[in-house]
Amino acid sequence: MGLMVLGVLLVLVILILAANIRIVPQAHAYILERLGGYKETWGVGIHFKIPILDRVAKRVSLKEQVVDFEPQAVITKDNVTMQIDTVIFFQITDPKQYAYGVENPIAAIENLTATTLRNIIGDLELDETLTSRETINSEMRTSLDIATDPWGIKVNRVELKNIMPPTAIQDAMEKQMKAERERREAILKAEGEKKSTILVAEGKKESLILEAEAEKQAAILNAEAEKQKRIKEAEGQAEAIRTVQKASAEGIEFIKQAGADDAVLTLKSLEAFAKAADGRATKIIIPSELQGIAGLTKTIAEVARPDKAAE
C-alpha cells in the first residue's frame, strides 16, 4: 500500500514538473508573471516555472508582421473624398512593453494609421495625393514609428495599397489621360513628319551639290580639253610657219649661192609678201627700200610680153 502511494506521488511530481517546463522556439519570447506581476522575459530555450506561483502571461512573436487595414475615408485639401487602404509592416522589439504598453496593439496601430493618414492627405490636393505615394509612405512610417515606440513596436514600412477616388473623378481622369495620350501621339507624329521632311530636303540638297560638283568637274575637263586643243592647233600653226620660213630661207640661200642679182632677190621678197598676204589681207605695207623697184618690176613684165610690144 505504501509503495502504491509512493508511486502515485512520484507520477504526480513528474506530471507537475512536465507541466511547468516550457521550451521557447526561435523568434519568440514569453512573458513570465509571478503572483500576477511581471517576473521576466524568456528567450529561446528551455525554462522552468514554479507551479501555482508562475504563469506565462503572453507569447510574443518577434518576426516581422504584416497587417492590411480596411480602406479609410479621407478628404483632400481640395475637398475630394477618397478611400485609401494601407499595409503596415512592423516588428516587436520589446516584448515587455508590447505586453503591458497598450491593451490591443493591432487596433491601436489601425486607429493611429487612420488619423495619421487623414492629417497627411488633408494637406495635399488630389493630384499631389496620386503622385506622392513615396512621400506619404515615408511620412506615415516616421509618424507611426515614433508613436508606437513606447509599445515596443518598430514600424518598418508603410504602403498605400489602393487610392480610390470617386467614380466621377476617375472618369474625368481617364478622359484627361486619353486626351494627353492623343496629344502626345499627335506631337510624335508631327515630329516624325518634320524629321522626314528635313531628311528629304537634306537628301535633295546633297544631290544638288553632287550634281553641281559633277557639272563643275565636267566644265573644268571640257575647258582643259579645249585648252589643249588650242595649244595643239597653235603648235601646229607655229610648226607650219616655221616650215614655210625655213623653206623660204633655204630658197633664198640657194639663189644667193647661184649668184642671183639684187633684182631677183627683190622679186623673191615680193613673192614672200604675196604668200604672207595669202589673199586674205586687205592692205600690205611694203618697205621703203622695195618701193623703188616697182618700176623695174613693171619693165620686166613688159619685156616678158613681146606680143604686147609688137602691137
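The analysis underlying the following values was restricted to heavy atoms, covering all of them including side chains, and did not include hydrogens, waters or symmetry mates.
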Please round to the nearest 0.5 Å and tell me the distance separating atom [atom1] of [X] and atom [atom2] of [Y].
| X | Y | atom1 | atom2 | answer |
| --- | --- | --- | --- | --- |
| E224 | Q217 | CD | CD | 12.0 Å |
| R184 | I187 | CZ | CD1 | 8.5 Å |
| M140 | S143 | CE | OG | 8.0 Å |
| E191 | K194 | CD | NZ | 7.5 Å |
| L208 | K204 | CG | NZ | 9.0 Å |
| R141 | T116 | CZ | OG1 | 13.0 Å |

Under the 3.5 angstrom rule, does the side chain of [X] hit a backbone N or O of [Y] as a donor-acceptor pair?
| X | Y | result |
| --- | --- | --- |
| T41 | I31 | no |
| S207 | G203 | no |
| S132 | E128 | yes |
| N79 | I75 | no |
| N162 | I84 | no |
| T93 | G152 | yes |
| N222 | A218 | yes |
| R157 | N137 | no |
| T115 | L112 | yes |
| Q72 | Q83 | no |

Assess whether atom [atom1] of [X] is packed by more than 12 heavy atoms of other residues, nucleotides or ligands within 6.0 Å.
| X | atom1 | value |
| --- | --- | --- |
| E226 | CD | yes |
| E180 | CD | yes |
| E103 | CD | no |
| E185 | CD | no |
| E134 | CD | no |
| I198 | CD1 | yes |

Student check: side-chain heavy atoms of [X] and [Y] closer than 4.5 Å:
| X | Y | result |
| --- | --- | --- |
| L124 | K77 | no |
| D54 | R34 | yes |
| M82 | T76 | yes |
| V74 | T81 | no |
| H47 | V24 | yes |
| I88 | V66 | no |
| F90 | I106 | yes |
| K154 | D145 | yes |

| Matching residue for L160 among V87, L117, D85 - test: side-chain contact (heavy atoms from CB on, under 4.5 Å) | L117
| Pair K161 + D68, salt bridge at N-O below 4.0 Å | yes
| said: Do the side chains of E33 and R55 get close enough for a salt bridge, i.e. N-O under 4.0 angstrom? | reply: yes
Is there a path of hydrophobic side-chain contacts, each under 4.5 Å between heavy atoms of I, L, V, M, F, W or Y residues, that connects [X] with [Y]?
| X | Y | value |
| --- | --- | --- |
| I16 | L32 | no |
| V67 | Y98 | yes |
| I109 | F89 | no |

| Any chance the side chains of E64 and N156 put a donor and an acceptor closer than 3.5 Å? | yes
| Is the closest side-chain donor-acceptor distance between Q237 and E233 under 3.5 Å? | no
Where do [X] and [Y] come nearest, in terms of heavy atoms and distance?
| X | Y | answer |
| --- | --- | --- |
| A99 | K58 | CB-CD, 3.6 Å |
| D149 | Q97 | O-OE1, 3.5 Å |
| I153 | P105 | CD1-CB, 4.0 Å |
| I163 | T129 | CD1-O, 3.9 Å |
| I92 | Q65 | CD1-NE2, 3.8 Å |
| K49 | A19 | CE-O, 4.4 Å |

| message | Students often mix this up, so state it plainly: with edges at 30° and 60°, are the rings of W42 and Y30 parallel, tilted or perpendicular? | response | tilted
| request: Might you work through the side chain to side chain contact (heavy atoms under 4.5 Å, CB included) test for N20 and I50, ending with a clear yes or no? | output: CA-CA 7 Å; N20 289 277; I50 300 175; over 6 Å; no
| said: W151: which residues meet the side chain to side chain donor-acceptor pair (under 3.5 Å) condition with it, sequence neighbours left out? | reply: none
| Derivation and outcome, side chain to side chain contact (heavy atoms under 4.5 Å, CB included), residues E211 and K216 | CA-CA 8 Å; E211 290 179 0; K216 177 182 176 182; over 6 Å; no
| H28 and V44: side chain to side chain contact (heavy atoms under 4.5 Å, CB included), yes or no, with the steps? | CA-CA 7 Å; H28 287 76; V44 179; over 6 Å; no
